[in-house]
Each structure stands twice: as structure tokens, then as C-alpha cells.
Amino acid sequence: MNINLTILGQSIAFAFFVWFCMKFIWPPIMGALRARQHAIGLGLQQAEEAERKLQAANAEADKILVEAKESAREIIEQADSRAGQIIEQAKGQAVAEGEQIKEAAQAEIEREVSRAREGLREQLSDLVMAGAEKVLGASVDRKQHAGALKDLTAQL
Amino acid sequence: MAAGPLTSESYIKHHLTNLTWGRHSDGTWGFATTDEQVAEMGFLAIHVDSMLWSIGLGIVFLSIFTLAARRATTGVPSMLQNAVEAMVSFVDETIRSTFNHKNAMIAPMALTVFVWIFLMNLMDLVPVDWIPHLATVLGVPYMKIVPTTDPNITMGMAFSVFALILIYSIKQKGVGGFFGELAFHPFPKYLFPFNLFLEGVTLVAKPISLGLRLFGNLYAGEMIFILIALMYGSLATALVGGVLQWIWAVFHVLIITLQAFIFMVLTAVYLSQAHDLAEDH
């Protein structure tokens, strides 16, 4: 345990190592640390912002979806009511047309009935004339009894 | 190994002797082979083993850290960069909490002190016989591989720190201010001889305690390793010795780290005090 020149040698080595560390080691490493710190800070900030944007976009998408559903519902409603209208209209038309057809048929029937009645009246007057001739045994002038026959047929 | 029969005493002595190169009494320069020659050399000698291991480990530190510094990227760091950055930011935080002034030199110096002393202390965990025995086989009579068990090494660093304390004290306070701090404190001015004595002792005690604390801890630790190694003489004690060496080594991991840390923090604290102006205390 002798104190000798080693102490000076160690002092010189110490000074050199400290100088070297201060010059070539500390600044680049600290620089890299600071730069990375900055980059990470920036990255976190950007991630937060992206998160916010994503949430906003999600909310926007939800809103658009709700609106689309709403308008789809409206369109369906409109279509439904339009279909109802068309059906009602068609029904109305059909009923009216049926009514018309029925009325026409009724008129036709009535016309047929009165025509048949006319025919029957004609035939009846003939029958009456024939009957009367048989009863009287002579011919009956149709022209003389035209008035009476007309009355008869009118009673039918 | 040293000449003569191998006794416990000679074994311990051998392990505690540095490889010394210096001026012999006849004026020639060369390696000392006996204690007498070492004593004759006095101050004009150098512990070659201490210097080589110390500088070598310093270069290991600088190489690893320079490599990391060269490749430092702001992107994803490599494992090496991670480790180095962890160390750098640990030192940076420690210095921020102990040193409250602006000085670009303190933090790099603290890093150097911490890592370098740690590496030198780490040599204490290498089994005590390996490298000295290898050296003997290669024809080198002595080889002490733990530089911090050499007071020259620890005191060399402590006095370098002391020089920095003086330089920064004078730079911050001026010669008068620094003298005033030593002479007019803590007693009134007319008692300045007492003040000067008290403050002078306080000032000089700083580097001495700084250097001797590190030396004492590591020297004692090394001594215990050597004493344990003595147990390998017979098979019966060798097993006990192995267990003891393992236990002491585990405990020593704590000591070597702690001593490096203490040296770093005290260096920062002393230099912080050197920057403090008189009003601060």
C-alpha cells in the first residue's frame, strides 16, 4: 500500500475518460433520448387525436345510419299508403263498373219483360178474337171491335 | 508465486502486492521483485497492474458506450442502446436530484465515475486465484486485478474530484469569496483562525473520506475472498469455502454497486456545494 506515481496516472486517466465521455458519449445518447421522448409524446398526441376523430366518425356514421333507416321507413310508409290508395281506387272502380253492368242487365231484363208482355198482349187479342168467333159462330170484324180489344189488352 | 515455501502468510501477501515498476536504489528502472525493492522505490514507482486494469476497464466502458452513442437512434432502440440509455437516464435523474446548478460536465463525469468504478469493483468477483495464477504461469510475479483495492487508484480519483471542487469554488465565488467561506464561518470574523482550521479540515476530509471509503470497502471485500480462498487447501474445508465464497460474492454484488453509486453521488454533492454561494447555506 504505497502511494506512488500510480495516483497521478489514475488522475490523468480519470480526466481523459471524463473528457471523452462528456464529448462523445453523453451528448448523442441524451440527444437520442430527448428526441425519442419528443417523438413518443407526439405519437401519443396523434393517437389521441386519431381516437377522437374515430369517435367523431363513428358518431357521424351512426347518425347517417339512423337517418337512412328513417328515410327508408318513410319510403315504405309512402309506398304502403300509395298501394292502399290504388287498391281503394281499384275497388271503387270495380264496384262502379259492376253497378253499371248490373244496371245495364236490369234494363235489358226489363226491356225483355215488356217486349214479352207486348207479345203476350198481341197473342191474347188474337186468342180473344178466335174465342169470340167460335162463340158467335161468325167472324168478327177486328176493325169494329178495335176499341174494345185495346181496352182488354191494356188491362193485362 | 513469490519465492519460498507457500504459507498462508505468503499467499495473502502475494495477493496483496501490486506489480510495481520503478527506480531501483541503484538508479536503474525495472520491476520490483521483493517488498524491499518496492519500499526503496518510494514515490517514483507505478503499479503497472492497477494502471493496466484501470485504463483497460475504462476503455471497455468508453467502447461500449461510444458504440451505443454512435448507433443511437430515436426509433426502436437495440438491446445495447436500451441498456446504455437506462444507465444514462438513471445517472441523469440522480444528478438532477443532487446537483442543482448548471454544469454540462457533472452528469457525464458522474456516468464515467459510476460505470468505471463499477467495472473496477466487478473484478473483485473474479475468483482471486485465476488471473494471478495465469500471470505467474506467464512469468509475471504479481497481478492485482481489482484496481479499487489500490489506494492510489481511489485517491487519484478522489483528489481529481477535490481539484474540481477547488476550481469550481474559486470560479463561482472568486478567491476572496472562497476564502471568506472558509474563514468567516461558522464563528464570527475575529475567530477566523478557528474557522479556517475547522473549515479546512472539513474541506480536506471530503476527498480523503471519498477515496478511503471506496478503497476500504473493496480492500476488505478482497481480503475476505482471499481468506476464503485459503480454505481450498484441503478437501474438507474446500466445500465450506465454496459455499462461503458464493454467499460472499452474492453479497458483494450489492457492495460493489453501492460503492460505485456512493462515489458518484458524493462527487455530485461535493461539486454542488462548491457551486453554492455563501448565502445558500
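All figures in this text were calculated on a predicted structure; none of them were measured in a lab. Numbered from 1 within each chain, the chains take letters A, B, ... in sequence-line order.
Contact of the B:His47 side chain with the A:Gln10 side chain is not registered, since no non-hydrogen atoms from C-beta on lie closer than 4.5 Å. Here the side chains of A:Arg36 and B:Pro77 are in contact, with some heavy-atom distance below 4.5 Å. Side chains of B:Phe43 and A:Asn2 form no contact here, defined as non-hydrogen atoms less than 4.5 Å apart. By the 4.5 Å heavy-atom criterion applied to side chains, A:Trp19 and B:Pro108 are not counted as neighbours.
Among the candidates A:Leu33, A:Ile25, A:Ile12, the residue making the largest number of heavy-atom pairs closer than 4.5 Å to chain B is A:Ile25. Ranked by heavy-atom pairs under 4.5 Å with chain A, the list B:Ala45, B:Gly42, B:Ala69, B:Ser160 is led by B:Ala45. Counting heavy-atom pairs closer than 4.5 Å to chain A, the top residue among B:Asp92, B:Leu44, B:Thr20, B:Leu164 is B:Asp92.
Taking each heavy atom of B:Met155 and A:Ile7 in turn, the nearest pair found is CB-CD1, 3.7 Å. Across every non-hydrogen atom of A:Ser11 and B:Gly156, the tightest pair is OG-O, 3.2 Å. Taking all atoms of both residues into account, the shortest heavy-atom contact from A:Phe17 to B:Leu62 is CD2-CD1, 3.2 Å. The minimum heavy-atom distance between A:Gly9 and B:Met51, with the atom names listed, is C-CE, 3.5 Å. In terms of heavy-atom proximity, A:Met22 sits nearest to B:Ala104 at CG-O, 4.2 Å. The two residues B:Ala72 and A:Pro28 have their closest heavy-atom pair at CB-O, 4.2 Å.
The part of B:Phe159 that comes within reach of chain A is its side chain, from C-beta onward, which places non-hydrogen atoms under 4.5 angstrom from that chain. Residue B:Ala107 touches chain A through both its backbone and its side chain, counting heavy-atom pairs closer than 4.5 Å. Neither the backbone nor the side chain of A:Ala39 comes within contact range of chain B; no heavy atoms are under 4.5 Å apart. Only the side chain of B:Val38 comes within less than 4.5 Å of a heavy atom of chain A; its backbone N, CA, C and O stay farther away. Residue A:Phe24 touches chain B through its backbone alone, counting heavy-atom pairs closer than 4.5 Å. Heavy atoms of B:Thr66 lying under 4.5 Å from chain A belong to its backbone as well as its side chain.
Atom CZ in A:Phe16 sits 11.0 Å away from atom OG1 in B:Thr112 (nearest 0.5 Å). One distance of note links CG of B:Asn152 with CG of A:Leu8; it measures 9.0 Å at 0.5 Å rounding. B:Ile46 CD1 to A:Thr6 OG1: the interatomic distance, rounded to the nearest 0.5 Å, is 5.0 Å. Interatomic distance, A:Ile29 CD1 to B:Met87 CE, rounded to the nearest 0.5 Å: 10.0 Å. Rounding to the nearest 0.5 Å gives a distance of 7.5 Å between CD1 of B:Ile117 and CZ of A:Phe14. Expressed to the nearest 0.5 Å, how far CG of A:Asn4 lies from CG of B:Asn18 amounts to 8.0 Å.
Within a 6.0 Å sphere centred on CD of B:Glu9, other residues, nucleotides and ligands contribute 12 heavy atoms or fewer.
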